[in-house]
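Let me begin by presenting the structure, written as structure tokens, before commenting on it.
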Amino acid sequence: MRRTSIHEKMEIRTMAAHFPINHRLRPLYRLLSGVAGLYMLVFGVVGFVQTSGVPFFTRDEAEWVLGLRSNPAFSLLSLVAGIVVLGANLVGRNLAHLVNQLAGIALTTVGLAALAVLQTEANILAFSMVNVIVTFILAGITGTASLYDRVGTAAAAAAEEDFRHGPHTADTPTV
């Protein structure tokens, strides 16, 4: 049995643990994730207003709101998710990194669960296939943003780059 060298273990760990610090496109990713959060917030508010007066978990009386099918439960869930994602991206720092990461995972999970129960009685949020697609798009946006929105000091960014590429010395040309 072949033993794994320390260098190979570091490469494996580097590939699994790398989130760049102070990425130059961080503002763009935060903006995109903030727009996704704003869409969830606006959809939640408009949906909650449009579906007021119908049963909370209705499937039969669900309304079409901003291109998606909604009931009060899904509208309220979207409103809360929008506030959290938009708020975290307005605050920024590493809070946005954590929230975007969790939002990407949660939205992917919700999309998969909704896809699994789409044509059943268990579809309590009144999802349609359009809802599933939009949920996966929002998951992709927030998840991708979480890959590039970590912030830190210049020293932390340099340490991360050294960890990724190995330390640069005066004899080693930089790329």
Side-chain angles (χ1 to χ4, degrees), residues 16-153 156-157:
H18 172 65
F19 288 109
I21 298 174
N22 300 334
H23 192 274
R24 69 184 192 285
L25 295 177
R26 181 174 40 93
L28 173 65
Y29 287 111
R30 266 189 55 210
L31 174 69
L32 292 173
S33 188
V35 169
L38 181 63
Y39 175 78
M40 288 185 267
L41 176 64
V42 169
F43 170 78
V45 169
V46 174
F48 202 73
V49 168
Q50 263 190 302
T51 60
S52 63
V54 300
F56 204 65
F57 290 107
T58 188
R59 291 180 42 231
D60 300 328
E61 299 176 48
E63 300 277 337
W64 286 94
V65 180
L66 299 178
L68 301 178
R69 197 160 169 244
S70 185
N71 62 16
F74 181 50
S75 295
L76 186 60
L77 188 64
S78 297
L79 181 104
V80 171
I83 289 170
V84 171
V85 171
L86 181 61
N89 281 284
L90 288 174
V91 169
R93 309 302 302 162
N94 286 326
L95 176 65
H97 170 70
L98 177 64
V99 168
N100 287 334
Q101 204 170 32
L102 293 174
I105 293 167
L107 288 167
T108 300
T109 304
V110 167
L112 287 170
L115 192 58
V117 300
L118 201 58
Q119 298 295 322
T120 68
E121 294 293 320
N123 186 5
I124 61 173
L125 297 178
F127 263 59
S128 69
M129 192 62 200
V130 176
N131 292 59
V132 172
I133 293 168
V134 170
T135 302
F136 283 139
I137 290 170
L138 293 172
I141 291 169
T142 57
T144 302
S146 78
L147 298 175
Y148 299 101
D149 62 356
R150 221 171 112 203
V151 294
T153 63

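Contact record, Tyr39 with Leu138: CD2-CD1, 4.3 Å, taken as the closest heavy-atom pair. Shown here for Ala62 and Ala126, the closest heavy-atom pair between the two residues is CB-CB, 3.7 Å. Residues Ser75 and Gly47 come closest through the heavy atom pair OG-C, 3.1 Å. Residues Gln101 and Ser146 share a closest heavy-atom pair of N-CB, 3.3 Å.
Side-chain contact between Leu68 and Phe43 is present, with heavy atoms from C-beta onward closer than 4.5 Å. Between Leu125 and Arg59, every side-chain heavy-atom pair lies at or beyond the 4.5 Å cut-off. Residues Leu79 and Leu76 meet the side-chain proximity criterion, which asks for heavy atoms closer than 4.5 Å.
With Asn71 contributing its side chain and Ile124 its backbone, the two residues share a donor-acceptor pair below 3.5 Å. Put simply, the side chain of Asn100 never gets that close to the backbone of Thr142: no donor and acceptor are under 3.5 Å apart. Between the side chain of Ser33 and the backbone N or O of Tyr29 there is no donor-acceptor pair closer than 3.5 Å. A donor-acceptor distance shorter than 3.5 angstrom exists from the side chain of Thr120 to the backbone of Val117, with no hydrogens or angles considered. Arg69 places no side-chain N or O within donor-acceptor distance of the main-chain N or O of Val130, the cut-off being under 3.5 Å. Judged purely by atom type and a 3.5 angstrom limit, Ser52 uses its side chain to pair as donor or acceptor with the backbone of Val49. Judged by distance alone, with hydrogens and angles left aside, the side-chain atoms of Asn89 form a donor-acceptor pair with the main-chain N or O of Val85 at under 3.5 Å.
Taking CG from Leu90 and CG from Leu38, the interatomic distance works out to 9.0 Å, rounded to the nearest 0.5 Å. Distance check: Leu102 CG to Thr109 OG1 gives 10.5 Å after rounding to the nearest 0.5 Å. Residue Arg93 holds its CZ atom at 9.0 Å from CZ of Arg30, rounded to the nearest 0.5 Å.
Checked by atom type, the side-chain pair Ser70/Thr51 shows no donor-acceptor distance below 3.5 Å.
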Yes or no on side-chain contact (heavy atoms from CB on, under 4.5 Å) for Met129 and Leu115, after CA distance, side-chain angles and deciding distance? CA-CA 7 Å; Met129 192 62 200; Leu115 192 58; 3.8 Å; yes
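Among Leu86, Val80, Val84, Val46, the single residue meeting the side-chain contact (heavy atoms from CB on, under 4.5 Å) criterion with Leu41 is Leu86. Phe136 pairs with exactly one of Leu112, Asn131, Ile141, Val110 by the side-chain contact (heavy atoms from CB on, under 4.5 Å) rule, that one being Leu112.
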